[in-house]
There are 2 protein chains.
Amino acid sequence: MRPDGRSSMRESILAAAVHLFAQYGYHAAPLRDIARIAGIQAASIYHHYPNKQALLIEIMETYMLRLNVSLEHVLKEFDDPLQRLHEAIANHIRMHTTYKEEFFIIDTEMRALEEEHKAHIISLRDKYEALLQELLQDGMERGVFRQSDVKIASYAIIAMCTEVATWFRPNGRLSVQQVITSYRQFIVEGLLLTPGVTHMPDETAHLL
Amino acid sequence: MRPDGRSSMRESILAAAVHLFAQYGYHAAPLRDIARIAGIQAASIYHHYPNKQALLIEIMETYMLRLNVSLEHVLKEFDDPLQRLHEAIANHIRMHTTYKEEFFIIDTEMRALEEEHKAHIISLRDKYEALLQELLQDGMERGVFRQSDVKIASYAIIAMCTEVATWFRPNGRLSVQQVITSYRQFIVEGLLLTPGVTHMPDETAHLL
DNA sequence: GTCTATAGTACGATAGAC
DNA sequence: GTCTATCGTACTATAGAC
């Protein structure tokens, strides 16, 4: 066990990279600073990783894979479209608040990927979009969701739930669960106060 | 008039900066490349702008001001909360598709701002959020919108409508107007197919 | 596995001629 | 207002000792 709680120097380096890439951006984060936080010299990083780009790839690949696995699990676990959507939203927001910096990097540093690696990471992102679109399409076909453009709906949901990683503060005004509840209601029911809505969840009915 | 259609070298330089900042990111876009696109040498940029950072500031300030002015106009022009929201969404998406690269830079290069200038740009962004929150709060108090967390609702709307700038292609599958219509319905009515909804706009009723 | 030393390159910015 | 030439700096990455 290392002083920073990581179990290997390789992990310490990656953790430092996550922190600095998220704070300053990939190009503005010098390897010397990553090394200093990890407690070694810049040259020593090259014993663990072939170059700076490899750090970015490992961060993006690792967490996009985790995100996909977690959504696949939701789709396998549940069948009801509305419950699936509820769980997918909760899963997305939980992942993006728990691994805030990692997903912020995925969201903002796609341009920093060199061309050879970009296609791979984009394919992982496309896979996630496809899974969510499958969920939405199924819900529309089964008459639970309104007929609408599936791609636009998936982009909208992903954009709003991803951006939580930008402003969420673990000790802020709202808990993760409160954020999830608000987003669920907003996505499923919209903003309009519509008399006669029958799907109002009990947990929010008191607000009326 | 210059060969690129800009009316001054100052504008040509800024247009080149917009293009390269959006494509590669602020730190990865060399002044030499900006100069080449503008048709001059890198050193000549310094006759028009004091430094590279000034280019970023001018882009962000100009378009955040335009965005605020346009939303203020919507709030002055309309009174009905639902119509205000419709117009605000349309305005946001129109601005973000028309000035796609400029707003993409505002959205992704906040970290590249040096500390002295960051506060100013953030205050412009905060102003925009406050205007939208005022619209939402008013709509809730007047019983048109559901009671919900105004800040979360504003973040969600801004995030989803801003991200359009990332994927929208002028000659793509969907027109700007189709995107606006889809987003409006999604934001106002949500995904759920709820029997008994009374506020279904005529323009989308045929989808059912 | 980590170090020191440094190669090699690219960048932002300046000086000064025209 | 634009040029050429170049300064000073900072960065990624490598070489080679320990």
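Residue numbers begin at 1 in each chain, while the letters A, B, ... track the order of the sequences.
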*If you round to the nearest 0.5 Å, how far is NZ of Lys127(A) from CG of Leu131(A)?*
4.5 Å
*Given atom NE2 of His47(B) and atom C1' of dG16(C), what is their separation to the nearest angstrom?*
15 Å
*Could you list by number each residue of residues 6-21 of chain A showing a heavy-atom separation from DNA chain D of less than 4.0 Å, or answer none if no residue does?*
none
*Under the side chain to side chain contact (heavy atoms under 4.5 Å, CB included) test, which residues partner Arg169(B), sequence neighbours left out?*
Lys100(B)
Could you go through residues 66-77 of chain B and list every donor-acceptor pair under 3.5 Å that involves a side-chain atom there, pairing it with any protein atom two or more places apart or in another chain?
| residue | atom | partner | partner atom | Å |
| --- | --- | --- | --- | --- |
| Arg66(B) | NH1 | Tyr99(B) | OH | 3.0 |
| Asn68(B) | ND2 | Leu124(B) | O | 3.1 |
| Ser70(B) | OG | Arg66(B) | O | 3.3 |
| Ser70(B) | OG | Leu67(B) | O | 2.7 |
| Ser70(B) | OG | Asn91(B) | OD1 | 3.3 |
| Ser70(B) | OG | Asn91(B) | ND2 | 2.8 |

*To the nearest 0.5 angstrom, please state how far the CZ atom of Arg146(B) sits from the CD atom of Gln185(A).*
4.5 Å
*List in chain and number order the residues that pass salt bridge (Lys or Arg N to Asp or Glu O under 4.0 Å) with Arg6(B), two or more places apart in sequence or in another chain; answer none if no residue qualifies.*
none
*asked:* Give the residues of residues 24-46 of chain A touching DNA chain D, defined as any heavy atom closer than 4.0 Å, sorted by residue number.
replied: Ala29(A), Pro30(A), Leu31(A), Arg32(A), Ala43(A), Tyr46(A)
*Qualifying residues under ring pair (Phe, Tyr, Trp, His ring centres under 6.0 Å), relative to Tyr49(B), sequence neighbours excluded*: none
*asked:* Are His92(A) and Phe103(A), when compared by the centres of their aromatic rings, separated by less than 6.0 Å?
replied: no
*Could you state the atom-to-atom distance from CG of Leu55(B) to P of dA13(C) in whole Å?*
9 Å
_Assess, by modelled atom type and distance only, whether the side chains of Gln133(B) and Ser154(B) contain a donor and an acceptor separated by less than 3.5 Å._
yes
